[in-house]
Amino acid sequence: MEKIKRKIQNLKKIRLFSYVYLNHFCSRIERNGKGRIIPYKNAVIDLEKGSKIHIGDENICIGVNKLKKSKTETYVRLRENAVWDAKKGCEISYGSTIEILKNAELESKYFTMNSFSTLVSAKKIILGEDVMIARNAFVFDSDFHVIEYDENQAEYSETVSIGDHVWIGANAIILKGVIVGNGSMIAANTVVTKNVEQGVMVGNEKKLCVLKENVRWRRS
């Protein structure tokens, strides 16, 4: 009886019609194992022409941990001919965004993504096994616009590769072309523009300075 009750409670948390459609009728979902897409309430999933999500034996859970009565949406959008190769499952918390642009790729093993984080692939992003993305973090593999300097034009999209068991801290930003080694940690509020070695914690050095002395404050 308890098992049945739990199943009923879980069903109440998901978008049932979307669940059935995505896992049994959508031609843009390719299930190669037992895994399924689990769209929780307020999950918005937009799959454009030619896009594909490949699923293995583990579930892709979209919009988990939503607060009761919250209307915050979770977005997964694949543009034309985009591909998400989900070799293992994932848990994407409410308020987060994953967008794979035209002809781009996302290759992932198991990862978790906390609320209000954003991942946008314009070329290719690789997530290793057991990647943990904290709140308000960003992973971009592109500048998304052309940047010119000294009569040169920068390559505005370069593959990002994040290794196994990497923790990306709150408000961190990982930019194009970066490789993050296995077992590393990205400290909160860090902007990563260069490769990160294995087994290290990196952060942007900041100094706390006194702006004014002998200050007081009060509520107005």
K.L.:
Apply side-chain contact (heavy atoms from CB on, under 4.5 Å) to residues N195 and V180 and explain how you reach the verdict.
P.N.:
CA-CA 6 Å; N195 292 346; V180 180; over 6 Å; no

K.L.:
Would one find more than 12 heavy atoms of other residues, nucleotides or ligands at under 6.0 Å from atom NZ of K66?
P.N.:
yes

K.L.:
What's the verdict on side-chain contact (heavy atoms from CB on, under 4.5 Å) for I62 and I45, showing C-alpha distance, side-chain angles and the deciding distance?
P.N.:
CA-CA 9 Å; I62 302 169; I45 301 167; 3.7 Å; yes

K.L.:
What I'd like to find out is whether the side chain of I98 reaches to under 4.5 Å of the side chain of M113, using heavy atoms alone.
P.N.:
yes

K.L.:
Surrounding CZ of F116 (heavy atoms of other residues, nucleotides or ligands, distance under 6.0 Å), is the total greater than 12?
P.N.:
yes

K.L.:
Between Y110 and E91, do the side chains contain an N or O donor and an N or O acceptor separated by less than 3.5 Å?
P.N.:
yes

K.L.:
Can you tell me if S115 uses its side chain to pair, donor with acceptor, with the backbone of Y94 under 3.5 Å?
P.N.:
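Yes; judged by distance alone, with no hydrogens or angles, the pair exists.
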
K.L.:
For the pair K87 and E129, find out whether any cationic side-chain nitrogen is under 4.0 Å from an anionic carboxylate oxygen.
P.N.:
no

K.L.:
Would you name the heavy atoms of H54 and N32 that are closest together and state the gap between them?
P.N.:
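It is CB-ND2, 4.1 Å.
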
K.L.:
Using side-chain heavy atoms (C-beta onward) and a distance below 4.5 Å, is C61 in contact with I92?
P.N.:
no

K.L.:
Just verifying a value: how many Å separate K102 NZ and S51 OG, rounded to the nearest 0.5 Å?
P.N.:
12.5 Å

K.L.:
Under a 4.5 Å cut-off applied to non-hydrogen side-chain atoms, are I186 and V202 in contact?
P.N.:
yes

K.L.:
Considering only NZ, NE, NH1 and NH2 on the basic side and carboxylate oxygens on the acidic side, decide whether K49 and E80 come within less than 4.0 Å.
P.N.:
no

K.L.:
What's the spacing between I133 CD1 and I174 CD1 if we round to 0.5 Å?
P.N.:
7.5 Å

K.L.:
Between K123 and E158, is there a salt bridge with N-O shorter than 4.0 Å?
P.N.:
no

K.L.:
Looking at CZ of R28 and CG of L22, how far apart are the two atoms once the value is rounded to the nearest 0.5 Å?
P.N.:
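Rounded to the nearest 0.5 Å, the CZ-CG separation comes to 11.5 Å.
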
K.L.:
Is any side-chain N of the basic residue among D143 and K176 closer than 4.0 Å to the acidic one's carboxylate O?
P.N.:
yes

K.L.:
Kindly check if the number of other-residue, nucleotide or ligand heavy atoms within 6.0 Å of CD (E48) is above 12?
P.N.:
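It does: E48 CD has more than 12 such atoms within range.
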
K.L.:
Would a hydrophobic clustering, with Ile, Leu, Val, Met, Phe, Trp and Tyr connected at side-chain separations under 4.5 Å, put L101 with V76?
P.N.:
no

K.L.:
Do F140 and F138 have their ring centres less than 6.0 Å from each other?
P.N.:
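Ring centres of F138 and F140 closer than 6.0 Å.
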
K.L.:
Once rounded to the nearest 0.5 Å, what's the spacing between atom CG of L16 and atom OH of Y21?
P.N.:
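Here the rounded value is 15.5 Å.
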
K.L.:
Walk me through it: do I126 and I162 pass the test side-chain contact (heavy atoms from CB on, under 4.5 Å)?
P.N.:
CA-CA 6 Å; I126 302 169; I162 298 172; over 6 Å; no

K.L.:
Is a donor on one side and an acceptor on the other found under 3.5 Å between the side chain of T118 and the backbone of T97?
P.N.:
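Judged by distance alone, no pair lies under 3.5 Å.
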
K.L.:
If you take all heavy atoms of A137 and S117, which pair is closest and at what distance?
P.N.:
N-OG, 2.9 Å

K.L.:
Test salt bridge (Lys or Arg N to Asp or Glu O under 4.0 Å) on K34 and E58; report intermediate values, then the result.
P.N.:
CA-CA 7 Å; K34 299 177 181 179; E58 299 178 12; over 6 Å; no

K.L.:
Same cluster or not: are I38 and V20 linked, directly or through other Ile, Leu, Val, Met, Phe, Trp or Tyr residues, by side-chain heavy atoms under 4.5 angstrom apart?
P.N.:
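Shared cluster, yes.
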
K.L.:
Under 30°, 30 to 60°, or over 60°: which ring-plane class applies to W84 and F111, parallel, tilted or perpendicular?
P.N.:
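Plane angle between 30° and 60°, so tilted.
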
K.L.:
Between L47 and I125, is there shared hydrophobic-cluster membership here, with clusters defined by ILVMFWY side-chain heavy atoms closer than 4.5 Å?
P.N.:
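Yes, L47 and I125 fall within the same hydrophobic cluster.
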
K.L.:
In Å and rounded to the nearest 0.5 Å, what is the CG to CZ distance from D46 to R79?
P.N.:
8.0 Å

K.L.:
Working to the nearest 0.5 Å, report the span between CZ of R31 and SG of C26.
P.N.:
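R31 atom CZ to C26 atom SG measures 12.0 Å (nearest 0.5 Å).
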
K.L.:
Are F144 and I173 joined in one hydrophobic group, where the rule is that I, L, V, M, F, W and Y side chains link up if heavy atoms are under 4.5 Å apart?
P.N.:
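Yes, it is one cluster - the side chains of F144 and I173 are joined through contacts under 4.5 Å.
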
K.L.:
Would you check, one step at a time, whether the test side-chain contact (heavy atoms from CB on, under 4.5 Å) holds for N42 with T72?
P.N.:
CA-CA 7 Å; N42 298 344; T72 301; 5.7 Å; no

K.L.:
I need the minimum non-hydrogen distance between L175 and V191, along with the two atoms involved.
P.N.:
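In this case the closest contact between L175 and V191 is CD1-CG1, 4.0 Å.
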
K.L.:
So I29 and I55, do their side chains get closer than 4.5 Å, heavy atoms only?
P.N.:
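I55 reaches I29 side chain to side chain.
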
K.L.:
Is there a path from V44 to L67 through hydrophobic residues (I, L, V, M, F, W, Y) whose side chains come within less than 4.5 Å of each other?
P.N.:
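As far as the 4.5 Å side-chain criterion goes, L67 and V44 are not connected within one cluster.
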
K.L.:
Taking all non-hydrogen atoms of both residues into account, name the closest pair between T193 and V178 and its distance.
P.N.:
C-CG2, 3.7 Å

K.L.:
Heavy atoms only: give me the nearest G163-V131 pair and the separation to one decimal.
P.N.:
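So the two residues come closest at O-CG2, 3.4 Å.
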
K.L.:
Is there a side-chain contact between I53 and I37 (heavy atoms, below 4.5 Å)?
P.N.:
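When only atoms from C-beta onward are counted, I37 and I53 do touch, with a gap below 4.5 Å.
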
K.L.:
Any side-chain donor paired with an acceptor under 3.5 Å for H165 and D130?
P.N.:
yes

K.L.:
Strictly distance-based, threshold 3.5 Å: is any side-chain N or O of S108 a donor or acceptor partner for the main-chain N or O of L127?
P.N.:
no

K.L.:
For a 4.5 angstrom cut-off between non-hydrogen side-chain atoms, does V160 reach V139?
P.N.:
yes

K.L.:
Strictly distance-based, threshold 3.5 Å: is any side-chain N or O of R15 a donor or acceptor partner for the main-chain N or O of Y19?
P.N.:
no

K.L.:
Return the minimal non-hydrogen interatomic distance between I60 and C90, and the atom names on each side.
P.N.:
CG2-SG, 3.6 Å

